[in-house]
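One-based numbering along the sequence shown.
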Amino acid sequence: MATLIDQEFFARLHALNEKFAASVPATLARLEELRASFDPAAADAALVKELHQSLHTIAGSAATFGFRVFGAQARQLEQRLRVLMAFELIAPKDWNDWLHALDVYVAWARHDPKAASYPGQDD
């Protein structure tokens with residue numbers, strides 16, 4: 001039998017889950033805005049930093065709220081971005097490859113951010 005504390009905890013967790021789920025469309029819209037502003041020939045450091053922070057936040061929170069694959073894919077994009085950020089010069093092709101992966105991620109998440117699989121991912 002659950003105690004009152006357990007019931008309160010799960011009620012708060014449920015409310016946080018709903019809040020996270022409600023924030024996903026705005027988060028995806030922000031990623032799309034950042035992506036639209038991105039110039040692969042002259043990447044803006046502040047924009048790259050915001051993309052990194054957004055993906056880091058998703059990766060850190062999503063699994064807690066039942067969006068396991070959404071978070072795992074954000075972590076992969078974040079890690080790929082971190083590698084690019086380590087270099088002084090990045091070819092536009094490398095940025096375009098990363099941006100394409102971001103586009104696929106956002107399109108997938110727009111469809112169903114709670115999906116249990118991701119395109120090209122082994123189940």
Side-chain angles (χ1 to χ4, degrees):
M1 181 160 95
T3 66
L4 182 59
I5 293 172
D6 290 336
Q7 291 170 355
E8 290 173 3
F9 170 79
F10 288 112
R12 284 194 310 270
L13 184 59
H14 179 72
L16 289 171
N17 286 349
E18 288 185 357
K19 183 177 179 182
F20 182 84
S23 75
V24 169
T27 298
L28 294 174
R30 184 62 186 147
L31 287 173
E32 288 173 325
E33 289 171 14
L34 294 169
R35 195 272 183 251
S37 300
F38 200 99
D39 179 1
D44 177 86
L47 194 144
V48 170
K49 184 177 179 179
E50 187 173 349
L51 277 164
H52 179 265
Q53 184 58 47
S54 295
L55 292 166
H56 180 78
T57 299
I58 294 166
S61 301
T64 301
F65 301 113
F67 292 74
R68 185 185 59 77
V69 176
F70 181 58
Q73 294 305 315
R75 177 74 67 213
Q76 286 187 8
L77 283 167
E78 175 200 5
Q79 290 171 348
R80 284 181 62 191
L81 182 56
R82 193 176 306 139
V83 169
L84 291 172
M85 293 167 69
F87 293 96
E88 190 170 319
L89 294 174
I90 298 106
K93 182 197 179 314
D94 293 328
W95 280 125
N96 282 323
D97 290 346
W98 186 85
L99 290 167
H100 175 71
L102 178 65
D103 292 341
V104 169
Y105 172 73
V106 170
W108 168 83
R110 283 253 179 239
H111 178 69
D112 183 5
K114 281 192 108 170
S117 65
Y118 191 77
Q121 178 187 55
D122 294 328
D123 292 324

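- Here the closest heavy-atom approach between residue Phe67 and residue Pro113 is recorded as CD2-O, 3.4 Å.
- Here Ile58 contributes atom CD1 and Leu77 contributes atom CG; the two are 9.0 Å apart, rounded to the nearest 0.5 Å.
- Among pairs with a residue in residues 13-22, none fulfils salt bridge (charged side-chain N to carboxylate O under 4.0 Å, His left out), at least two apart in sequence or across chains.
- The two residues Gly66 and Lys114 come nearest to each other via the heavy atoms O-CE, 3.3 Å.
- Ring pair Tyr105/Phe70: centre-to-centre distance below 6.0 Å.
- For Pro40, the side-chain contact (heavy atoms from CB on, under 4.5 Å) test picks out Phe38, Pro92, Trp95, Asn96, Leu99, with sequence neighbours left out.
- With sequence neighbours excluded, no residue forms a side-chain contact (heavy atoms from CB on, under 4.5 Å) with Lys49.
- Among pairs with a residue in residues 53-63, those fulfilling side-chain hydrogen bond (donor to acceptor under 3.5 Å, both in side chains) read Gln53-Thr57, His56-Glu78, at least two apart in sequence or across chains.
- Side chain of Trp98 to main chain of Leu84: no donor-acceptor pair is present (N/O by atom type, distance under 3.5 Å, no hydrogens or angles).
- Residues forming a side-chain contact (heavy atoms from CB on, under 4.5 Å) with Asp44 (at least two apart in sequence, or on another chain): Ala46, Leu47.
- Partners of Arg30 by salt bridge (Lys or Arg N to Asp or Glu O under 4.0 Å), not counting sequence neighbours, listed by chain and number: Glu33, Glu50.
- Note that the CD atom of Gln7 and the NE2 atom of His14 stand 14.5 Å from one another [nearest 0.5 Å].
- Arg35 pairs by the side-chain hydrogen bond (donor to acceptor under 3.5 Å, both in side chains) definition with Asp103, not counting sequence neighbours.
- Take Lys93 and apply the side-chain hydrogen bond (donor to acceptor under 3.5 Å, both in side chains) test, not counting sequence neighbours, and it matches Asp97.
- Scanning for side-chain contact (heavy atoms from CB on, under 4.5 Å) contacts around Ser23 gives Phe20, Thr27, with sequence neighbours left out.
- Asp94 pairs by the salt bridge (Lys or Arg N to Asp or Glu O under 4.0 Å) definition with nothing, not counting sequence neighbours.
- When every heavy atom of Trp108 is checked against every heavy atom of Ala115, the shortest pair comes out as CZ2-CB, 3.7 Å.
- Note: Leu55 CG to Arg80 CZ = 11.0 Å, rounded to the nearest 0.5 Å.
- A salt bridge (charged side-chain N to carboxylate O under 4.0 Å, His left out) check over residues 56-71, counting only residues at least two apart or in different chains, returns nothing.
- Every residue was checked against the side-chain hydrogen bond (donor to acceptor under 3.5 Å, both in side chains) condition with Gln76, not counting sequence neighbours, and none meets it.
- The minimum heavy-atom distance linking Leu28 with Arg110 is given by the pair C-NH2, 3.6 Å.
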